[in-house]
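Working notes for the structure below.
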Protein chains: 2
Amino acid sequence: MFRVNRQTDYAVRVVLALSKMPRGTRVPTSEIGREMLIPPSLLQRIVAELASGGFIKTQPGRDGGISLAHLPSEITLLQVVEQFEGSLVISDCILKEGDCPFESKCPVSCQWKRLNDLLRNEMERTTFEQLLEDGKQIEASMEFPASTPLKVVVSEPILSLTDSVNA
Amino acid sequence: MFRVNRQTDYAVRVVLALSKMPRGTRVPTSEIGREMLIPPSLLQRIVAELASGGFIKTQPGRDGGISLAHLPSEITLLQVVEQFEGSLVISDCILKEGDCPFESKCPVSCQWKRLNDLLRNEMERTTFEQLLEDGKQIEASMEFPASTPLKVVVSEPILSLTDSVNA
DNA sequence: TAGTTTGTCACGTCATTATATGACAAATAT
DNA sequence: ATATTTGTCATATAATGACGTGACAAACTA
């Protein structure tokens, strides 16, 4: 129906959450899941996919977790989206295998391609550093910077970064 | 998976096919189906949907068929797409019913919305008259204007416009 | 130091639901 | 008669999510 998968949206939020943290911070995925309200079973797959795409580093074992493999400024929205949606194509030709009788002569295909390129370019220009700044601006534009944490749990130690900061 | 439905693509092609014909031309849907290689069962629904959207006029019975209800210059790509894809939304908030704790404060949603608007605007600017011209340009850019009709059936009377032109 | 515990990721399977695509048939209008 | 109209059904694919088992590494304990 012309929309990005929920999984992809989740993935973007995972990367964004990691981008918010100080460089090299490592957190258990369950932490991210709680913060971003992602069902654990999905999160497993998302983390695996992000790792195989080289976006994050994973560390098994006790006090393990995930951390960002690159600077937020080095990761584009397009990269993450394509990792999860496959190579972004709004509409390949209706007929499979290039045996479409209209082929490139078809103004409809051309339109789809044009729109496709538009999206791709825009997403390629968008880094997670920008998303971070957008987030800051949004927060700043509200009277009370963080008046109500909006149900975010405070009653427990959210992060337990013992030595992971200077690792 | 982030692509337009086949049905939508078909629909666009139907409108385009009608746009190519002289104003007011009426053809049976089966004719369009053969020309555009659309499975009849799907075409039924597409035609119904196009009619209910006011894009085409239908005429049941003998010598009946469908015809364009507006000038090609008055129909935009967005109108047709939204009729079939619903109101174009790349990603509504993950949580249903607006109870997302992040809401408009979320830079991710903002991005989706931005990309969404980009697509919408572009499609709104694209009329079927433009598609027609694109098609002509494509044809003109080939050495032999219509050298090989590319498997298009010629062995039968493609159109049977008896009196439908001056209707 | 050696062994155990614990909290984490890794991977595979299954169930449920939603959607897309298409065939078919009965009804209706001209 | 010949089209459109409308509704039902079947099938395939994909998305979403739950579970369970195993691998792994750090921390703890004796």
Side-chain angles (χ1 to χ4, degrees), chain A residues 1-11 14 18 25-34 36-53 55-67 69 84-86 91-92 94-96 157 159-164 167, chain B residues 1-11 14 18 26-34 36-53 55-67 69 84-86 91-92 94-96 159-164 167:
Chain A
M1 282 257 280
F2 216 62
R3 54 183 56 184
V4 78
N5 283 345
R6 190 171 291 205
Q7 196 179 236
T8 305
D9 189 293
Y10 283 148
V14 169
L18 288 174
T25 306
R26 179 165 59 202
V27 280
T29 60
S30 57
E31 205 56 62
I32 304 266
R34 238 177 308 163
M36 288 297 183
L37 306 175
I38 305 175
S41 51
L42 255 192
L43 190 52
Q44 286 175 2
R45 252 173 297 179
I46 290 167
V47 163
E49 190 75 18
L50 281 175
S52 93
F55 295 99
I56 62 177
K57 283 184 262 187
T58 65
Q59 174 75 21
R62 193 173 165 156
D63 285 344
I66 61 178
S67 59
F84 284 83
E85 299 284 344
S91 170
D92 46 15
I94 290 310
L95 286 308
K96 309 291 183 189
L159 283 191
S160 58
L161 325 162
T162 50
D163 54 355
S164 54
Chain B
M1 282 253 282
F2 217 61
R3 51 184 56 186
V4 78
N5 284 345
R6 191 173 289 206
Q7 195 180 238
T8 305
D9 189 293
Y10 284 149
V14 168
L18 288 174
R26 179 163 60 202
V27 280
T29 60
S30 56
E31 205 55 62
I32 304 267
R34 238 177 308 163
M36 288 296 183
L37 306 175
I38 305 175
S41 52
L42 254 192
L43 191 52
Q44 287 172 1
R45 251 174 300 179
I46 290 167
V47 163
E49 190 75 18
L50 282 175
S52 93
F55 296 101
I56 61 177
K57 284 185 259 186
T58 64
Q59 174 77 21
R62 211 198 139 123
D63 287 342
I66 61 180
S67 59
F84 284 83
E85 300 282 345
S91 169
D92 46 15
I94 290 312
L95 287 308
K96 308 292 183 188
L159 285 190
S160 58
L161 327 161
T162 51
D163 54 356
S164 54

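Letters A, B, ... mirror the listed sequences (proteins, then strands); counts begin at 1.
Two residues, A:Gln59 and A:Arg45, neighbour DNA chain C, and the one matched to the more 5' nucleotide by heavy-atom proximity is A:Gln59. Remark on DNA chain D: of its neighbouring residues A:Pro39 and B:Ala51, the 5'-side contact belongs to B:Ala51, judged by nearest-heavy-atom nucleotide.
Residue contacts for B:Gln7: at a heavy-atom cut-off of 4.0 Å it reaches the sugar-phosphate backbone alone, with no base atom in range.
For B:Thr58, a side-chain nitrogen or oxygen approaches OP1 or OP2 of D:dT5 to under 4.0 Å. For A:Ser41 and D:dC19, the shortest distance from a side-chain N or O to OP1 or OP2 is not below 4.0 Å. OP1 or OP2 of C:dA29 has not a single side-chain nitrogen or oxygen of B:Arg62 nearer than 4.0 Å.
Nearest nucleotide to the A:Ile66 side chain, out of C:dA29, C:dA23, C:dC9: C:dC9. In this structure, the nucleotide among D:dA15, C:dC9, C:dA23 sitting nearest to the side chain of A:Pro60 is C:dC9.
Taking each heavy atom of A:Thr58 and A:Ala51 in turn, the nearest pair found is CG2-CB, 3.8 Å.
Proximity of A:Phe84 to A:Ile46: side-chain heavy atoms (C-beta onward) are separated by under 4.5 Å at one or more points.
Counting to the nearest Å, the C1' atom of D:dT16 and the OH atom of A:Tyr10 are 9 Å from each other.
Each of B:Ile56, B:Thr29, B:Ile38 was scored for a side chain to side chain contact (heavy atoms under 4.5 Å, CB included) with B:Val14, with one residue passing: B:Ile38.
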